[in-house]
Amino acid sequence: MSTPEFPEEEHEQVAGNGLLHRRLFLSQGAALLSAGSLGLMTARPAAAQALDPWLLTPGLALSGYGERSPFEADVARTVLPVAGTTGSGASRTPLESLEGIITPNGLFFERHHAGIPEIDPERHQLLIHGLVERPLVFSMEALSRYPMESRIQFLECSGNSRPNLASTPPQESCGFLHGTVSCSEWTGIPLSILLDEAGVSSEASWLLAEGADAAAMTRSVPLAKAMDDALIALYQNGERIRPSNGYPMRLFLPGYEGNACIKWLRRIKLTSGPQMTREETSKYTDLQRDGRSLQFTFDMDVKSVITSPSFGLALNGPGLYQISGIAWTGAGRIRRVEVSADGGQTWAEAALSDPVLPKALTRFRMAWRYDGGAATIVSRATDEAGNVQPLRSDFMAANGPQVSYHNNSTQAWAIDSDGAVSNVYV
Ligand SMILES: Nc1nc2c(c(=O)[nH]1)N[C@H]1C(S)=C(S)[C@@H](COP(=O)(O)O)O[C@H]1N2
Ligand SMILES: [Mo]
């Protein structure tokens with residue numbers, strides 16, 4: 001079908017193996033898709049609908065705090081405790097089961113070094129001291145009077161995507177491989193307001209942030225970042241931050257590696273330099289080929305992953321499919337995501353779904369006419385600073401086999417002629 005607004009050639013193939021023009025996912029394009037104009041719909045002709053039991057009796061009672069459908073119970077984080085512990089380790093967001101850009105609070109990834117402290121907000125305080133004119137201590141009640149801001153931003157562990165550093169591709173879900181990234185609306189007080197009140201001395205150039213967990217996690221943060229966009233986050237997607245994500249408050253450093261975003265924040269000390277804590281010396285440093293390590297590699301790099309189709313989500317025969325995925329960068333906004341269906345030989349630009357926000361997950365979509373044969377799909381993001389996500393093969397060649405953190409390389413999924421999806425390296 002062809003209309004003046006949407007000529008035939010524009011939903012024709014724009015790259016190898018059936019990738020269609022991104023216009024299909026922009027304004028009138030979506031309307032045409034839903035009208036079935038491409039002969040792609042999988043719905044069956046209408047017939048009388050069954051009188052299911054829920055039509056015949058009143059439903060369940062009201063409740064004080066909602067729950068999702070029991071039919072969604074399989075949508076869950078993959079939980080990987082550190083051996084011999086229950087509360088330490090990581091749990092990963094099931095990216096393959098989610099849409100849009102917001103991670104539901106119950107599925108936000110978790111990374112704890114000494115379990116989740118059960119903090120009484122009446123007793124919790126934030127101390128600001130060190131190189132300041134007036135050391136200050138804030139109760140939760142005091143903090144609630146300060147001006148707040150809300151921002152939608154991602155959080156990613158620098159160890160995310162480590163499974164794909166293995167020499168053979170692990171056959172695991174998208175969330176298992178890449179699910180220590182999540183995205184929330186965070187609400188809290190800009191740290192700069194509290195630092196201004198304490199009066200930062202001219203010798204201060206860093207700060208030390210400390211958590212109230214049994215690991216007493218501490219990280220050094222440049223003062224410039226603290227004054228720029230650091231947030232003392234109190235709310236996550238509208239409700240108080242969950243215990244697992246830092247209740248009653250966490251330091252949130254947009255675009256920085258997750259480890260620096262100290263949860264259960266209890267103390268900020270202004271200092272004249274970094275403090276060389278455990279988490280910035282023996283851990284969270286990047287070992288190079290020559291045996292030296294990079295320190296304070298805070299910024300998370302440009303990255304993307306196709307969440308659907310992905311491992312465990314088989315295709316049901318030839319036809320039109322929606323490729324959907326997420327892209328993000330610590331540098332600001334995502335500018336472009338390209339998708340290939342032939343393992344990186346040819347690429348086409350995906351549609352970016354609004355909103356495209358700085359330091360947030362960005363949803364991309366692409367229409368794909370799958371011919372039922374073998375295909376390898378892969379995505380590649382570019383950010384507004386011009387950084388391009390590297391192919392896995394280039395990333396490994398550039399960094400060496402000892403690389404452990406900050407894997408932002410591409411994820412490829414191979415589809416075999418049965419429609420089954422597997423993890424492959426390209
Ligand atoms: N106090 C404290 N803060 C912490 C941690 C911790 O164990 N203790 N883990 C860090 C790491 S490694 C990451 S990736 C993020 C994880 O945040 P989340 O659990 O809210 O996803 O918190 C960081 N802040
Ligand atoms: Mo982390």
Side-chain angles (χ1 to χ4, degrees), residues 67-116 154-184 213 215 236-237 241-246 257-259 261 263 283-284 300 303-314 324-328 361 363 377-379 392 404-415 420-425:
E67 278 183 34
R68 62 192 175 159
S69 163
F71 294 98
E72 298 298 318
D74 289 349
V75 177
R77 293 180 289 220
T78 44
V79 180
L80 292 174
V82 170
T85 74
T86 50
S88 301
S91 71
R92 304 159 188 216
T93 298
L95 300 172
E96 65 282 359
S97 304
L98 302 181
E99 257 297 341
I101 62 170
I102 299 290
T103 311
N105 288 345
L107 295 173
F108 200 96
F109 87 91
E110 307 167 274
R111 173 76 181 98
H112 321 306
H113 290 70
I116 306 167
F154 76 83
L155 181 76
E156 182 180 20
C157 178
S158 55
N160 195 22
S161 311
R162 186 176 288 144
N164 268 358
L165 299 175
S167 52
T168 53
Q171 297 311 319
E172 300 283 356
S173 68
C174 184
F176 183 97
L177 299 171
H178 306 290
T180 56
V181 67
S182 302
C183 185
S184 291
D213 52 342
Q236 184 181 12
N237 295 332
I241 287 185
R242 298 251 165 139
S244 53
N245 305 111
E257 64 183 12
N259 186 261
C261 300
K263 301 191 280 190
K283 303 290 176 193
Y284 302 100
M300 296 312 292
K303 191 162 169 181
S304 71
V305 61
I306 293 172
T307 54
S308 175
S310 61
F311 178 86
L313 306 175
S324 178
I326 48 174
W328 64 99
L361 293 187
R363 178 62 57 176
I377 56 172
V378 53
S379 67
R392 184 186 179 280
S404 176
Y405 295 107
H406 291 277
N407 175 13
N408 70 321
S409 66
T410 51
Q411 166 68 56
W413 304 113
I415 292 133
V421 184
S422 58
N423 180 13
V424 290
Y425 290 162

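What you are looking at is a predicted structure, and each value in this text was computed from that prediction instead of being measured.
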Are side-chain heavy atoms of Leu155 and Phe108 found at a separation under 4.5 Å? yes
Determine whether Arg363 and Thr307 make a side-chain contact, defined as any pair of heavy atoms from C-beta on separated by less than 4.5 Å. yes
Looking only at non-hydrogen atoms, find the nearest pair between Arg77 and Ser91 and report the distance. CD-OG, 3.3 Å
Counting distance only, does the side-chain N/O of Asn259 pair as donor-acceptor with the main-chain N or O of Ser158 below 3.5 Å? no
Phe176 and Pro163: which non-hydrogen atoms are nearest, and at how many Å? O-CG, 4.1 Å
If we ignore hydrogens and angles and just use 3.5 Å, is the side chain of Arg392 paired with the main-chain N or O of Ser409 as donor and acceptor? no
Salt bridge (charged side-chain N to carboxylate O under 4.0 Å, His left out), that's the test. Do Glu156 and Lys303 meet it? Break it down for me. CA-CA 11 Å; Glu156 182 180 20; Lys303 191 162 169 181; 2.8 Å; yes
Looking only at heavy atoms, which two atoms of Ser310 and Glu96 are closest? And how far apart? OG-CB, 3.5 Å
Decide whether Thr93 and Ser182 meet the rule of one side-chain donor and one side-chain acceptor closer than 3.5 Å. yes
4.5 Å side-chain heavy-atom contact, Arg162 and Ser404: yes
SG/Cys174 to CD1/Ile306 distance, rounded to the nearest 0.5 angstrom? 9.0 Å
Is Ile241 close to Ser184 at the side-chain level, that is, under 4.5 Å between some pair of heavy atoms? no
Could you report the tightest heavy-atom contact between Ile101 and Cys183, atom names first, then the distance? O-CB, 3.1 Å
Atom OG of Ser379 and atom CH2 of Trp413: how far apart are they, to the nearest 0.5 Å? 10.0 Å
Pairwise distance OG(Ser97) to CD(Glu72) - rounded to 0.5 angstrom: 8.0 Å
Student check: side-chain heavy atoms of Asn160 and Met300 closer than 4.5 Å: no
Is Leu177 close to Gln411 at the side-chain level, that is, under 4.5 Å between some pair of heavy atoms? yes
Side chain of Asp213, backbone of Gly115: donor and acceptor closer than 3.5 Å? no
Do Asn164 and Asn423 meet the criterion of a side-chain donor-acceptor pair at a distance under 3.5 Å? yes
Heavy-atom nearest pair, Val424 first then Ala414, reads CG1-CB, 3.6 Å
If you take all heavy atoms of Ser304 and Ala327, which pair is closest and at what distance? CB-CB, 3.8 Å
May I ask you to decide if Pro169's main-chain N or O and Gln171's side chain share a donor-acceptor pair within less than 3.5 Å? yes
Any Val305 side-chain heavy atom under 4.5 Å of Trp328 side chain: yes
Can you check whether His178's main-chain N or O pairs, donor with acceptor, with Ser161's side chain at less than 3.5 Å? no
Exam field: side chain Lys263 to backbone Arg111, donor-acceptor pair closer than 3.5 Å: yes
Would Val75 and Arg68 satisfy side chain to side chain contact (heavy atoms under 4.5 Å, CB included), going step by step from the backbone distance to the final call? CA-CA 10 Å; Val75 177; Arg68 62 192 175 159; 3.7 Å; yes
One should read off an interatomic distance between Thr103 OG1 and Ile326 CD1, to the nearest 0.5 angstrom, of 7.5 Å
Hey, what do you get for CG (Leu80) to CD (Glu110), rounding to the nearest 0.5 Å? 11.5 Å
Rounded to the nearest 0.5 Å, how far does CD1 of Ile116 lie from OG1 of Thr86? 9.0 Å
